[in-house]
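What follows is a short report on a single structure.
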Amino acid sequence: MTSAQTATLTDDVVIDCKVDKIFYGNFLAVRDSDVPIYKNKITGFIGPSGCGKSTVLKSINRMNDLVRIFRFEGRIHFEGQDLYGTNVDPVSVRRHIGMVFQQPNPFSMSIYENVAFGLRLNRYKGDYDARVEEALRGAALWKEVKDKLQNNGMSLSGGQQQRLCIARAIATKPTVILMDEPCSALDPIATRQVEELMIGLKSEYTVVIVTHNMQQAQRVADKTAFFSVDISQGGRTGYLVEMNDTGKLFENPREQLTKEYLSGEFS
Amino acid sequence: MSASLSNQQQQNDGPIAVPPSSKDIFLDRTFRTFTTCFAWLTLLLIGYIVWEIGGTALPAIKEMGVGFLTGTTWDPNKGEFGILPQIWGTFYSSLLTLLLGGSFGIAIAVFLTQDFLPNKIQIVLKSTIELLAAIPSVVYGLWGIFVLIPLIRPVANWLHATLGWIPFFSTSLSGPGMFPAALVLSIMILPTVAAISQDALSAIPDKIKEAAYGMGTTRWEAILKVLLPTASRGIFGGLVLGFGRALGETMALAMLVGNSNQLSLSLFSPADTLAALLALNFPEASDYETQILMYAAVVLLFITLAVNIIGELIISYSERSGGKK
């Protein structure tokens, strides 16, 4: 990338993500996307479908490694090491970088056990009840579920399930939380609740959110990265068009493509 | 519709909905009646079988009462009949089978559903395991006698010689016995348990798997802590079916279990089961003995029905308490 987003690695950048190429088999899915993720900020990824925003997001915590034909070229620096370095275990990457998915996906176990899952996984030795309560409060769900912690997590409404998943993700206090279109399966009221929650999370966590909803990016994101699809070489390759402070990007985009997308001239 | 359209066009473009014809309604009703009849027929059939067998057994039940269930001798010459060793043998062999076949079946299901293998090999293996169900039980019995027993006898006898103080190894394996029978039964229930567990595991939505890996589980942790518990209801159903099959299996057991009236914890001792007892004694039974065997049949029927009903109850209970309220 050209301009300001060639951020030098400062203390503020918690993940320095430089994607050269991402392949699925022979298919080039994403190219040339440098996306620095700033500490205690919400970074929004926007762009049309197929632009690779989710692919880039899932590369950050190496979820894409679950796809057998996935191949990553580039580097993602996090806490002084390259997440794609040879001695890095994807499992431990995912324990440091939590994820919330598009579809609420609580486990079929009690609300309590859903939140305690990560604690048990990391063999946490402290006070489980306190941690579970803290996480549920952090996810703005405590008041609704405190009297039914033993009920199955699947018994909650969609919006509550998604907040339960957020609670599950923050219970282990990961450094970064990735959210892949976390509100796309929720109604407007639940969406608003989750958005408020995200803004609340900022003080403690760094959040990256993929959204197809530009208003949502404007409402919650401090920085916004706009991705687009390049169909010039016959394929459909996603790439970063520009990244900037959300206000600047929406009011005064540098690139013509961004301008057109934001004004709804193509989607 | 705009006025410029001709009548013809109006007819073509207008709504074409008509109520179902009387023929449609007739077919629908007939179909419904038929299916209802068949559903009730199954119920009637079970009732009829229980009634008929119970009726034949009734004189014996009246005469022998509960003593039949606790007696340990079976001697037609002296007129002494008791089926405690057979009840014990039925449960013991089935539980062993459940333990062996169940754990292997679930392990196979995990192995074949969790991307350990390329897709093609997975499919080949899956159908191969299902083929196990196509082997007739008499063939299993023969294989057990001529291949399996000679194969495991040295191991069994070594276990008896070195660890004979453990009740399970307290006798040597001279030929047919509990363990070879249970081993063959395990292979027989394997396809049932494996197929149903595979279905249960592959029915888990991908998003649940993603959630587990997203939390940073290793593959092992994802399987053990998330996927198996999520699929537990289906897997349990498979185990109940397998257990039911093991309780009622006749031919292979009659050939392998030893048909000896013994009540022993030893894995290598010959034993007997209800089904084997029935199969082997009917051909030469007098009318009186037939009544007694019918009593034993009632007991076996009761056990298998009870196991299946209890299984169903546990499944539906866990369904209710397991969320989705």
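No experiment lies behind these values; they were computed from the predicted model shown.
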Check your understanding: side-chain contact (heavy atoms from CB on, under 4.5 Å) between A:D16 and A:I76: does it pass, once the steps are laid out?
Key -> CA-CA 6 Å; A:D16 188 32; A:I76 297 181; over 6 Å; no
Point to revise | Aromatic ring pairing B:F38/B:F34, orientation class (parallel under 30°, perpendicular over 60°, tilted between) | key: parallel
Revision key, fill the gap. Most heavy-atom pairs under 4.5 Å with chain B, out of A:R120, A:M109, A:R168, A:H96, belong to A:R168
Practice item. Would you mind checking which part of A:P90 comes under 4.5 Å of any heavy atom in chain B, side chain (CB onward), backbone (N, CA, C, O), both or neither? Key: neither
Practice item. Sort by residue number and list every member of residues 111-118 of chain A having a non-hydrogen atom under 4.5 Å from chain B. Key: A:F117, A:G118
Check your understanding: Is a side-chain donor or acceptor of A:K53 paired with a backbone partner of A:T211 at a separation under 3.5 angstrom?
Key -> no
Exercise for review: Output, in order, the C-alpha distance, side-chain angles, deciding distance and verdict of side-chain contact (heavy atoms from CB on, under 4.5 Å) for B:V184 and B:M188.
Suggested key: CA-CA 6 Å; B:V184 168; B:M188 294 174 76; 4.1 Å; yes
Practice item. Pick whichever of A:Q102, A:M63, A:M99 has the most heavy-atom pairs under 4.5 Å with chain B. Key: A:M63
Check your understanding: What orientation do B:F91 and B:F243 show, parallel under 30°, tilted 30 to 60°, or perpendicular over 60°?
Key -> tilted
Revision key, fill the gap. Cut-off 4.5 Å, heavy atoms of chain B, and the answer for A:R68 is side chain
**Study point:** chain A contact via B:K209 - which portion, at a heavy-atom distance below 4.5 Å
**Key:** neither
Review point. A:R95 and A:N61: side-chain donor and acceptor closer than 3.5 Å?
Key: no
Exercise for review: Answer yes or no: is there an ion pair linking A:R131 with A:E133, defined by an N-O contact shorter than 4.0 Å?
Suggested key: no
Practice item. Give, as side chain, backbone, both or neither, the part of A:P106 having an atom under 4.5 angstrom from any heavy atom of chain B. Key: backbone
Review point. Do A:T206 and A:N40 have side-chain atoms, one donor and one acceptor, less than 3.5 Å apart?
Key: no
Review point. Strictly by modelled atom types, are B:R219 and B:Q114 linked by a side-chain donor-acceptor pair under 3.5 Å?
Key: no
Check your understanding: Given that the side chain runs from C-beta out, which part of B:E210 has a heavy atom under 4.5 Å from chain A: side chain, backbone, both or neither?
Key -> both
